[in-house]
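First the structure, in the form of structure tokens, and then the observations on it.
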Amino acid sequence: MTAGRAVPDTVPHAVPPTEPATEPAEPHEVTALMASTLALRGGTPVRTRPFPAWPRADEQVGAELLDVLDSGKWGSTHGDRVAAFERDFADYQQAAHCVCVSNGTLALVAALRAAGVGIGDEVIVPPYTFIASAAAVVLVGAVPVFADVDPATHLLDPVAAAAAITPRTRAVMPVHIAGRPCDLDAFAALGREHGVAIVEDAAQAHGAEWRGRRVGALGDLGTFSFQTSKNMSAGEGGAVVTNDDRLAERLYALANVGRVRGGGWYQHEHLGYNLRLTEFQAAILTGQLRDHPATQATRDANARLLGSLLGEVEGVSLPSEDPNVTAHGRHLFLMRLPALGAAGKRDAFVQALAAEGIPCSGGYVGLHRNNALREEIATLTKRLEVPYAEPRVPGAEQVAADTVWLPQPALLGDEADVRDIAAAVSKVLGQAHTL
Ligand SMILES: *Cc1c(COP(=O)(O)O)cnc(C)c1O
């Protein structure tokens, strides 16, 4: 919110006279709604009902949590729920192996270390992502190199990534923003051609598929998050999946203070963190995995309906369709408002839409503009005495300025909820000139 900004109310009471009750013609209602005063200016919001709550769990999960409590086996070193969930989640993502870890940030750290990324290496990352994608690179002593995203998809552009490869590149990190898979054929080919690891950041992409294959192990390693907002959640948590037996062993050691599977308690053959999940988290995640196909079907149906409704609204530009995306993770619903973005009014739109009762946000600021990262990168490259070119990422600049996000719980309701979202977007855009 911009505090203290005086906003002239140009349409004080622009609500047209109420239609007679006998004449409830829908087009009239829509027209009336679009002309009615924005909630931001004291008008009636499109909706006041809350959207579905997230995260959520059923009674079975409650009972299983009590079982863990009563069993006394609270940690995965004594219980078997984390191990069982790891097998089930690996199967779900069509991967040979899964190692659970404390969160999605440390999943990236572990995956990068397992891939051999270390001090002075370069890792190519998109700037339009959560800060953890790039922070994890710095946390293993490597340098994040930003390559641009495609504004049509918000995803790392394989051509831009290829152009950013140098002799120091050790890995490339396609991030499946919003749950939409990156072009994993192109990235796998890039990895093979240049001998670099492909680490998928799939924190937002549980269940997503590229050409009929689930993400995560289509590159060398893939990471997931089970943080509160994610489509599968235990409050906190994460996982790394891979098809490579050797990488799986390294991940196990990294997550278990350097131990090896089947080895002794004080047999530390490697150095590692303690990244283990608790059995409580595994009990919750088992329930989340059980529910995911159903919650996902709801999100997907609602996203498709919303896409078809917003496709008709002038000023809205939706991500391009791609038949290779055979399952979209639906973590976020993204829409771009190019004209409003170019006018610097995206945030005003977000405020107005939120006032209409729709949960939304302006999303990421490009990471290439984050001062903490910039300073770390400057310090690191100076110490390493390696050059660092100022990133040129116009695609990221553009989407950072004109994109609006709807978070996934907004897609967990019914058709009326979706129609409210579309009506609110139309209403605010219909009065965009007043923003
Ligand atoms: C959430 C997220 C992460 C980090 O996961 P945490 O579990 O919050 O540490 C990393 N990358 C992306 C793209 C994310 O959305």
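Order of listing sets the numbers, starting from 1, for every ligand and every atom in it. Keep in mind that the numbers below use all heavy atoms, side chains included, and drop hydrogens, waters and symmetry copies. Remember, it's a predicted structure, so these values are computed and weren't measured experimentally.
Taking 4.0 Å as the cut-off, Glu236 does not count as a neighbour of ligand 1 on heavy-atom distance.
Polar contact check, Gly104 against ligand 1: a nitrogen or oxygen pair lies under 3.5 Å apart. At least one N/O-N/O distance between Thr105 and ligand 1 falls below 3.5 Å. Any N or O atom pair closer than 3.5 Å counts here, and Thr129 shares no such pair with ligand 1.
With a heavy-atom cut-off of 4.0 Å, His331 does not touch ligand 1 at all. The side chain of Val175, and not its backbone, has at least one atom closer than 4.0 Å to an atom of ligand 1 (non-hydrogen atoms only; side chain from C-beta on). Contact annotation for Asn103 and ligand 1: heavy atoms of both the backbone and the side chain come within less than 4.0 Å of the ligand.
Using a 4.0 Å cut-off between charged nitrogen and carboxylate oxygen, Asp88 and Arg290 do not count as a salt-bridge pair. With salt bridges taken as basic N to acidic carboxylate O contacts below 4.0 Å, none links Asp91 and Arg87. A salt bridge does not link Arg346 to Asp402: none of the charged nitrogens lies less than 4.0 Å from a carboxylate oxygen. A salt bridge does not link Lys73 with Asp80: none of the charged nitrogens is closer than 4.0 Å to a carboxylate oxygen.
In terms of protein heavy-atom proximity, atom 13 (C) of ligand 1 is closest to Asp201 OD2, 3.5 Å. With respect to atom 15 (O) of ligand 1, the closest heavy atom belonging to the protein is Gln204 NE2, 2.8 Å. Scanning all protein heavy atoms for the shortest distance to atom 2 (C) of ligand 1 gives Lys230 NZ, 2.6 Å. Closest to atom 3 (C) of ligand 1 among all protein heavy atoms lies Phe130 CD2, 3.6 Å.
Relative ring orientation between Phe224 and His206 is described as tilted, the plane-to-plane angle lying within the 30° to 60° band.
Residue Pro55 comes nearest to Thr228 through the heavy atom pair CD-CG2, 3.6 Å, listed as atom of the first residue, atom of the second, then distance. Taking both residues in full, the closest heavy atoms of Ala396 and Pro127 are given as CB-CG, 3.5 Å, listed atom of the first, atom of the second, then distance.
Taking each of Ser229, Ala203, Gly238 in turn, the one with a heavy atom nearest to atom 12 (C) of ligand 1 proves to be Ala203.
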